[in-house]
Amino acid sequence: MSPAAPAIFPQTRSAALPKTMFAAVLHGQEDVRLEQVPTPRAKKGEVIVRVLAALTCGTDLKVYRRGYHARMIQPPALFGHELTGEVVEVGEGVAEFQLGDLVAPMNSAPCGECYFCLRDQGNLCAELLFNNGAYAEYIRIPARIVAKNTLLIPSHVSFEHAAMTEPLACALHGFEDSHARAGDTVAVIGGGPLGLMILHVAALAGCTVIAVVKHDSQVEAAKALGARHIVQTTVVEDVVQAVRELTPESIGVDIAIEAVALPETWEQAVALVRNGGTVNFFGGPEAGTEVRLDTNRLHYGDLTLKATFHHTPAICRRAFDLIASGRFEASRFITGHAPLSQLNEAFARLMDRSNHGQSIKTAILPAGAIGEALP
Ligand SMILES: [Zn+2]
Ligand SMILES: [Zn+2]
């Protein structure tokens with residue numbers, strides 16, 4: 001027998017953790033229950049995070065309505081994926097994080113070895129690992145996400161704002177993928193959280209943004225986030241014409257980004273764009289959805305059609321830097337706060353159509369801390 005190997009890697013370090021915790025468990029369609037479950041403990045390479053803020057997200061709302069998400073979550077399962085928190089347990093072998101660190105762990109990490117990863121398309125990784133469970137007092141961060149896609153929050157950045165890194169990474173990916181240049185006219189269709197993020201990013205990049213939105217509150221939000229023009233779908237008779245009239249000789253926009261996920265708006269996006277322009281189908285419709293496109297227009301108009309899904313660790317870092325820089329106005333996206341016990345009410349509010357899109361994101365605060373300062 002050889003003597004015990006010297007400790008090359010750090011051992012498990014732990015704060016005092018309760019045996020059980022409260023966590024939201026998704027059981028099916030519109031069925032999320034707050035349950036007492038065992039507090040997760042860190043295995044090799046993992047960390048346990050005490051959740052400080054978990055943001056509601058359009059994808060969560062879709063999951064809540066449909067009861068599952070083919071790629072991200074199958075019930076029964078812990079729920080929620082946009083979070084920040086404090087490291088309270090560090091598993092064996094983890095050298096990059098310490099107890100007490102404030103972190104923004106992303107909701108996925110690619111394998112780095114498959115066909116897609118080797119072609120720098122980690123967002124399409126065949127083995128993309130997803131993590132859910134942000135609507136809880138504590139969450140386990142799997143080893144791969146600890147190693148590849150967990151960001152340390154500097155003290156000048158609000159933990160609520162840092163929790164927006166994941167959705168902003170999706171928005172930034174969609175914008176970068178559309179290859180806009182400063183001065184381009186970009187139409188963004190949709191005034192949900194991601195539509196608003198995309199238009200804000202486009203405005204920050206020096207594009208002239210035309211926001212196509214439905215509700216009065218979205219008009220206000222779009223203006224505040226930098227849209228030059230607003231086309232409100234409930235006010236104009238012909239959305240395509242209204243947008244085109246905002247461009248020289250009605251030629252159409254350079255780039256149209258669709259962030260609604262309906263066939264009508266996918267078709268609208270194609271009709272808005274000028275010859276030689278680019279359309280990004282950013283919104284993800286349900287499986288089996290089909291659209292009608294004029295192939296003559298596509299060919300003779302020399303259009304580029306593309307779609308963008310999810311993010312990669314590199315894009316997450318750029319999104320995080322944008323939030324940390326203070327240029328991205330994260331506070332405008334958080335329109336409410338609620339304790340974990342009111343998660344169902346928060347979803348009900350987001351689902352309520354008479355709410356007219358006034359709620360953008362609700363910050364769920366399992367630890368009870370609100371605001372900018374450190375807990
Ligand atoms: Zn999300
Ligand atoms: Zn991969």
Side-chain angles (χ1 to χ4, degrees), residues 58 62 70-71 115-116 119-121 123-124 170-192 194-199 201-203 205-214 222 227-234 236-312 315:
K62 253 196 259 184
R71 293 207 70 183
Y115 184 93
F116 299 97
R119 281 154 187 80
D120 211 15
Q121 295 177 310
N123 59 312
L124 302 175
C170 296
L172 192 60
H173 191 194
F175 177 71
E176 289 180 353
D177 247 5
S178 308
H179 299 294
R181 284 171 291 201
D184 280 355
T185 299
V186 178
V188 179
I189 306 173
L194 274 159
L196 294 175
M197 281 188 196
I198 292 169
L199 81 81
V201 165
C207 298
T208 300
V209 177
I210 301 172
V212 181
V213 300
K214 188 170 179 186
R228 177 84 57 86
H229 308 282
I230 314 277
V231 170
Q232 191 169 7
T233 56
T234 51
V236 300
E237 222 162 86
D238 184 335
V239 170
V240 173
Q241 193 191 337
V243 172
R244 280 185 166 264
E245 279 172 3
L246 294 167
T247 62
E249 292 167 39
S250 296
I251 59 163
V253 299
D254 299 304
I255 290 160
I257 303 178
E258 197 279 352
V260 178
L262 290 175
E264 305 90 274
T265 40
W266 274 49
E267 289 166 17
Q268 230 168 45
V270 176
L272 291 181
V273 90
R274 67 164 169 83
N275 285 352
T278 297
V279 176
N280 191 328
F281 300 118
F282 182 84
E286 259 186 290
T289 309
E290 294 185 356
V291 295
R292 291 172 60 87
L293 298 175
D294 177 351
T295 51
N296 180 280
R297 167 93 221 283
L298 300 187
H299 177 83
Y300 292 100
D302 199 354
L303 302 193
T304 300
L305 304 187
K306 65 167 343 290
T308 303
F309 168 69
H310 206 55
H311 50 64
T312 64
I315 295 164

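Note that CZ of F281 and OG1 of T265 are 9.5 Å apart. Values are rounded to the nearest 0.5 Å. For the atom pair CD1 of I189 and CZ of F282, the computed distance is 13.5 Å after rounding to the nearest 0.5 Å. Of the inter-residue distances, the one linking H229 atom NE2 with L246 atom CG reads 5.0 Å to the nearest 0.5 angstrom. The distance from atom NE2 of H311 to atom CG of L172, rounded to the nearest 0.5 Å, is 11.5 Å. In this structure, F175 CZ and L199 CG are separated by 11.0 Å, a value rounded to the nearest 0.5 Å.
Counting heavy atoms from C-beta on, the side chains of L303 and T278 never come closer than 4.5 Å. Annotation: side chain of D302 is not in contact with side chain of Y300 (no heavy-atom distance under 4.5 Å). Looking only at side-chain heavy atoms (C-beta outward), T304 and V279 stay at 4.5 Å or farther from each other. Within the 4.5 Å cutoff, side-chain heavy atoms of V213 are placed close to those of I230. When side chains are defined from C-beta on, T289 counts as touching P263, because their heavy atoms get closer than 4.5 Å. Within the 4.5 Å cutoff, no side-chain heavy atoms of D254 are placed close to those of V186. At a threshold of 4.5 Å between non-hydrogen side-chain atoms, the residues Q121 and T312 do not count as touching. Two residues are said to be in side-chain contact when any heavy atoms from C-beta on lie closer than 4.5 Å; W266 and L305 fail this criterion.
The closest side-chain donor-acceptor pair between N280 and S178 falls under 3.5 angstrom.
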*Check the pair L298 / L293 against side chain to side chain contact (heavy atoms under 4.5 Å, CB included), numbers first and verdict last.*
CA-CA 8 Å; L298 300 187; L293 298 175; 4.3 Å; yes
*Determine, step by step, whether Q268 and V239 satisfy the side chain to side chain contact (heavy atoms under 4.5 Å, CB included) criterion, reporting the C-alpha distance in whole Å, the side-chain angles of both residues, the deciding distance to 0.1 Å, and the verdict.*
CA-CA 8 Å; Q268 230 168 45; V239 170; 3.8 Å; yes
_Using side chain to side chain contact (heavy atoms under 4.5 Å, CB included), reason through V231 and I210 one step at a time and then give a plain yes or no._
CA-CA 7 Å; V231 170; I210 301 172; 4.1 Å; yes
*Would you check, one step at a time, whether the test side chain to side chain contact (heavy atoms under 4.5 Å, CB included) holds for N123 with H173?*
CA-CA 10 Å; N123 59 312; H173 191 194; 3.4 Å; yes
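Looking at R297, its side chain does come within 3.5 Å of a backbone N or O of V270 through a donor-acceptor pair.
The heavy-atom pair separating T247 from R244 by the smallest distance is OG1-O, 2.6 Å. The minimum heavy-atom distance linking G195 with V188 is given by the pair O-CG1, 3.5 Å. Nearest approach of Q241 to D238, heavy atoms of both residues: N-OD1, 3.1 Å. Contact detail for G283 and A261: the closest heavy-atom pair is C-CB, 3.7 Å. Here the closest non-hydrogen pair linking L272 and A256 is CB-CB, 4.4 Å. Taking each heavy atom of R292 and E267 in turn, the nearest pair found is N-OE2, 2.9 Å.
Here the options are D184, V273, T185, the test is side-chain contact (heavy atoms from CB on, under 4.5 Å), and the partner is I255; only D184 passes.
Looking at residues two or more places apart in sequence or on another chain, you find no salt bridge (charged side-chain N to carboxylate O under 4.0 Å, His left out) involving E245. By the salt bridge (charged side-chain N to carboxylate O under 4.0 Å, His left out) test, K62 pairs with no residue at all, sequence neighbours left out.
When the shell of 6.0 Å around CG of D120 is examined, it contains 12 or fewer heavy atoms from other residues, nucleotides or ligands.
Both cation-pi conditions hold for R119 and Y115: the charged atom is under 6.0 angstrom from the six-membered ring centre and inside a 45 degree cone around its axis.
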